[in-house]
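Worksheet: one structure, shown below.
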Amino acid sequence: MTEDAVVDVPDRDLLTIGAFAARARLSAKALRLYDRLGLLSPAYVDEATGYRYYRAGQVEPARLVAMLRQLDMPLARIAEVVAAGDGPTAAELLGAYWADVEARVAGQRTLAEYLRGRLSGRSSEMYRKFAVETVDVPEQVVITEKRHTLADELPTWIGAALGRLEEAARECGGMTGVPYVAYHAEVSMESDGPAEACVPVADEAAARAWAERHGRAWETAVRVEPARRLAYTRITKAQVAHPQILAAFEAVEEWMAARGLAAAGPCRELYFADWGAAGADDPVCDVAFPVS
């Protein structure tokens with residue numbers, strides 16, 4: 001006996017899985033999958049046979065699930081849309097998901113263009129867009145917050161960490177230099193650093209007292225950074241986005257190699273402008289390497 005066989009069910013308005021699949025323009029296999037994933041459960045399951053039965057009112061939700069899966073929407077977000085039903089809330093949930101997709105695709109498109117330039121031998125042409133200079137930075141006391149993070153979480157963490165440290169600087173004699181983020185290892189979608197947010201402050205004793213109070217919660221620390229010479233290039237807010245910023249780092253590395261200079265510490269991003277007030281073409285950040 002197949003699952004579409006005529007059996008005695010408590011509600012004659014119920015449809016066998018085969019009849020329902022035909023109305024929903026889906027396969028019985030897909031409906032079993034949706035049931036297993038918790039996206040669309042049958043209205044009734046016969047305890048003796050295990051056969052599934054559906055109501056006609058479940059046709060539209062079934063079609064909706066199928067179309068959302070075609071958008072590669074994660075199962076958890078599909079469940080949210082289906083639970084919201086037809087209306088503004090469901091439409092807003094779909095709109096939010098699609099905005100995320102378009103942002104991701106835009107980033108991938110930019111990365112593909114960057115990689116195409118590298119693979120076609122146009123790296124030098126890209127690097128010439130960045131003017132590299134050096135600057136001497138005096139010894140600094142810095143308060144820091146370190147975190148292992150992947151690339152997709154990095155921008156949010158940078159903003160939050162530097163905000164916390166800049167607020168803490170008020171307890172440490174005030175800021176004496178440009179806030180920056182140092183990378184002790186690669187941060188990407190496969191590598192989680194760590195990255196370290198740093199803010200130079202005036203009062204070392206107050207800074208150490210502050211770190212003692214907050215170290216466990218935020219992985220904070222205090223250290224004295226020696227005087228350094230930085231090789232850097234200045235970039236705009238738009239260029240901070242991945243992968244443009246990679247080209248900036250590589251341009252500095254190429255400039256260093258051409259002059260026989262070696263990195264004397266982790267690379268860093270120095271944020272000297274008001275990020276919220278800056279426009280896309282405004283300079284906001286120096287990409288730098290300590291050199292020797």
Side-chain angles (χ1 to χ4, degrees), residues 3 11 13-45 51-114 147-164 187-193 195 237-245 275-280:
E3 199 170 345
D11 188 338
D13 292 333
L14 293 175
L15 302 170
T16 65
I17 191 171
F20 182 77
R23 289 199 187 186
R25 298 192 291 275
L26 296 168
S27 68
K29 180 180 178 181
L31 291 173
R32 295 187 192 100
L33 174 63
Y34 295 170
D35 181 18
R36 189 163 66 249
L37 297 177
L39 297 176
L40 185 73
S41 299
Y44 170 71
V45 178
Y51 294 164
R52 297 168 173 84
Y53 296 87
Y54 295 82
R55 297 190 185 281
Q58 292 180 283
V59 169
E60 287 306 314
R63 291 177 178 174
L64 175 61
V65 169
M67 289 186 285
L68 292 175
R69 281 177 59 81
Q70 290 179 39
L71 295 177
D72 294 324
M73 182 178 282
L75 299 178
R77 296 185 78 161
I78 290 178
E80 290 177 359
V81 174
V82 172
D86 292 338
T89 300
E92 289 172 7
L93 290 169
L94 174 57
Y97 167 72
W98 195 246
D100 291 344
V101 170
E102 291 183 324
R104 184 177 70 251
V105 170
Q108 291 173 329
R109 184 183 302 114
T110 304
L111 177 59
E113 289 296 326
Y114 164 74
R147 180 171 173 178
H148 287 273
T149 178
L150 296 175
D152 59 344
E153 302 168 341
L154 182 63
T156 299
W157 174 75
I158 288 176
L162 289 181
R164 286 190 289 267
V187 174
S188 66
M189 292 307 296
E190 289 77 36
S191 178
D192 65 352
K237 186 174 182 177
Q239 290 171 320
V240 171
H242 188 277
Q244 292 94 319
I245 198 166
W275 183 267

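The basis for the numbers below is simple: all heavy atoms, side chains too, and nothing from hydrogens, waters or symmetry mates.
By the 30° and 60° cut-offs, the orientation of the rings of Tyr54 relative to Phe20 is parallel.
Leu37 contributes atom CG, which lies 6.5 Å from atom CZ of Arg69 (distance to the nearest 0.5 angstrom). Separation of atoms CD1 (Ile158) and CH2 (Trp275) is listed at 8.5 Å; rounding is to 0.5 Å. Rounded to the nearest 0.5 angstrom, Leu94 CG and Leu68 CG are separated by 6.5 Å.
Panel note: side chain Tyr44, backbone Leu14; no donor-acceptor pair is recorded below 3.5 Å. Arg63 contributes a side-chain N or O that, together with a main-chain N or O of Arg23, makes up a donor-acceptor pair within less than 3.5 Å. A donor-acceptor pair under 3.5 Å is formed between the side chain of Gln58 and the backbone N or O of Ser41.
Inter-residue side-chain proximity for Arg147 and Asp192 is flagged as unmet; no heavy-atom pair is nearer than 4.5 Å. Side-chain contact between Leu40 and Val82: absent, with no pair of heavy atoms (C-beta onward) separated by less than 4.5 Å. By the 4.5 Å heavy-atom criterion applied to side chains, Leu75 and Leu39 are counted as neighbours. Using a 4.5 Å heavy-atom cutoff, the side chains of Trp98 and Leu71 are in contact.
Scanning all heavy atoms of the two residues, the minimum distance from Gly279 to Lys237 falls at O-CB, 3.4 Å. Closest heavy-atom contact between Ile17 and Ala28: CD1-O, 3.9 Å. The minimum heavy-atom distance between Val187 and Leu154, with the atom names listed, is CG1-CD2, 4.0 Å. Here the closest non-hydrogen pair linking Ala62 and Leu26 is O-CD1, 3.6 Å.
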Could you check Tyr97 against Ile78 for side chain to side chain contact (heavy atoms under 4.5 Å, CB included), going step by step and ending with a plain yes or no? CA-CA 10 Å; Tyr97 167 72; Ile78 290 178; over 6 Å; no

Could you go through Leu31 and Arg52, starting from their C-alpha distance and side-chain angles, then the distance that decides it, and tell me whether this counts as side chain to side chain contact (heavy atoms under 4.5 Å, CB included)? CA-CA 10 Å; Leu31 291 173; Arg52 297 168 173 84; over 6 Å; no

Side chain to side chain contact (heavy atoms under 4.5 Å, CB included) evaluation trace for Tyr53 with Leu15: CA-CA 5 Å; Tyr53 296 87; Leu15 302 170; over 6 Å; no

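In Arg77, the CZ atom is crowded: over 12 heavy atoms of neighbouring residues, nucleotides or ligands sit closer than 6.0 Å.
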